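See below for the structure under consideration.
Letters go in sequence order (proteins before strands), and every chain restarts at 1. What you are looking at is a predicted structure, and each value in this text was computed from that prediction instead of being measured.
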Amino acid sequence: GAGVSQSPSNKVTEKGKDVELRCDPISGHTALYWYRQRLGQGLEFLIYFQGNSAPDKSGLPSDRFSAERTGESVSTLTIQRTQQEDSAVYLCASSPGTGGEPQHFGDGTRLSIL
Amino acid sequence: AQSVTQLDSHVSVSEGTPVLLRCNYSSSYSPSLFWYVQHPNKGLQLLLKYTSAATLVKGINGFEAEFKKSETSFHLTKPSAHMSDAAEYFCVVSDPSGTYKYIFGTGTRLKVLA
């Protein structure tokens, strides 16, 4: 596709359930980022993938959060045993992977934990 | 270390009047700088980017920004605000030398009054 695609666009789940969020980056983009955006706040970096290198997981808030990426394509962000504080919009972005190029964002997944 | 400061969390202007959204950065390198806009329930859309070419950068929707190294600023302007400009705006800095970090400002919410 032409842009970054995220699914689902909305997810409502009960506290304690696991959720999986998906991101399809722009074809050819080697770099992929996940961010969390709480209501009315800025972007919080979660994790970064670059090609086949080991991901930078330094932004993951707890061991309940994990992410995978298959080569230079789809990525999934998994949150286990969800808590109410996990409620947020989760944004995915991709970029060509060369320094200084802008990121391209998906529309995000709005996650609500009941 | 790089950092970005957006000096105003909220800005209100009347329709048809100029817009000024302020951004200061700190970087050890010659940075790449970006402005993004986020409309409600949407991802971030790139408005414009500076990557060490012309210091006055023109973007989409009539926005422009001027890179001033002496003032370490990258303020976003538009001559005449439109109602559709009401959104959240983020200033972002990245290191063009090859690292992947994008540092986001905390955002400025622009309100346009009729």
Side-chain angles (χ1 to χ4, degrees), chain A residues 1-10 21 23-26 29-51 53-59 88-112, chain B residues 2-10 21 23 25 27-53 57 59-60 65 67 74 87-111:
Chain A
V4 177
S5 177
Q6 291 188 246
S7 61
S9 54
N10 287 281
L21 313 179
C23 173
D24 283 273
I26 292 174
H29 279 191
T30 61
L32 187 148
Y33 305 75
W34 283 99
Y35 296 90
R36 180 168 67 179
Q37 187 177 30
R38 290 197 164 112
L39 186 64
Q41 298 188 19
L43 273 67
E44 177 185 5
F45 168 77
L46 295 178
I47 188 169
Y48 160 79
F49 296 91
Q50 171 62 54
S53 301
D56 177 352
K57 304 179 182 180
S58 61
V89 176
Y90 290 82
L91 291 165
C92 175
S94 70
S95 77
T98 52
E101 287 300 312
Q103 298 172 301
H104 300 260
F105 284 82
D107 284 343
T109 294
R110 183 174 300 277
L111 178 63
S112 300
Chain B
Q2 296 171 300
S3 67
V4 175
T5 302
Q6 290 185 243
L7 296 159
D8 306 294
S9 58
H10 294 81
L21 305 183
C23 173
Y25 71 92
S27 176
S28 302
Y29 306 92
S30 295
S32 290
L33 293 156
F34 313 93
W35 275 99
Y36 286 85
V37 61
Q38 185 179 33
H39 288 95
N41 301 314
K42 289 290 187 182
L44 276 69
Q45 180 186 15
L46 181 68
L47 276 177
L48 49 81
K49 66 177 183 178
Y50 166 78
T51 53
S52 76
V57 181
I60 62 172
F67 174 71
F74 190 58
E88 187 91 18
Y89 291 80
F90 292 95
C91 182
V92 183
V93 63
S94 80
D95 165 22
S97 71
T99 64
Y100 59 86
K101 288 285 191 182
Y102 292 83
I103 309 300
F104 285 77
T106 52
T108 298
R109 184 167 296 278
L110 177 64
K111 186 174 183 179

- prompt: What's the spacing between B/Q45 CD and A/D107 CG if we round to 0.5 Å?
  reply: 10.0 Å

- line: Bottom line for A/S95: the part with an atom under 4.5 Å from chain B's heavy atoms is side chain

- prompt: Within a radius of less than 6.0 Å around CD1 of B/I60, do more than 12 heavy atoms belonging to other residues, nucleotides or ligands occur?
  reply: yes

query: For A/T109, is it the side chain, the backbone, both or neither that has a heavy atom under 4.5 Å from a heavy atom of chain B?
result: neither

message: Just so I know, are the side chains of B/L44 and A/L43 near enough to count as touching, which here means a heavy-atom distance under 4.5 Å?
response: yes

message: Heavy-atom cut-off 4.5 Å, strictly under: side chain, backbone, both or neither for B/E88 against chain A?
response: neither

- prompt: Of the non-hydrogen atoms in A/L91 and B/G43, which two are nearest, and what is the gap between them?
  reply: CD2-CA, 4.0 Å

task: Mind checking the CZ-CZ spacing from B/F90 to A/F105? Nearest 0.5 Å is all I need.
output: 9.0 Å

- request: May I ask you to test the A/V89-B/Q38 pair for a side-chain heavy-atom distance under 4.5 Å?
  value: no

Side chain to side chain, B/Y36 and A/Q103, heavy atoms closer than 4.5 Å: yes

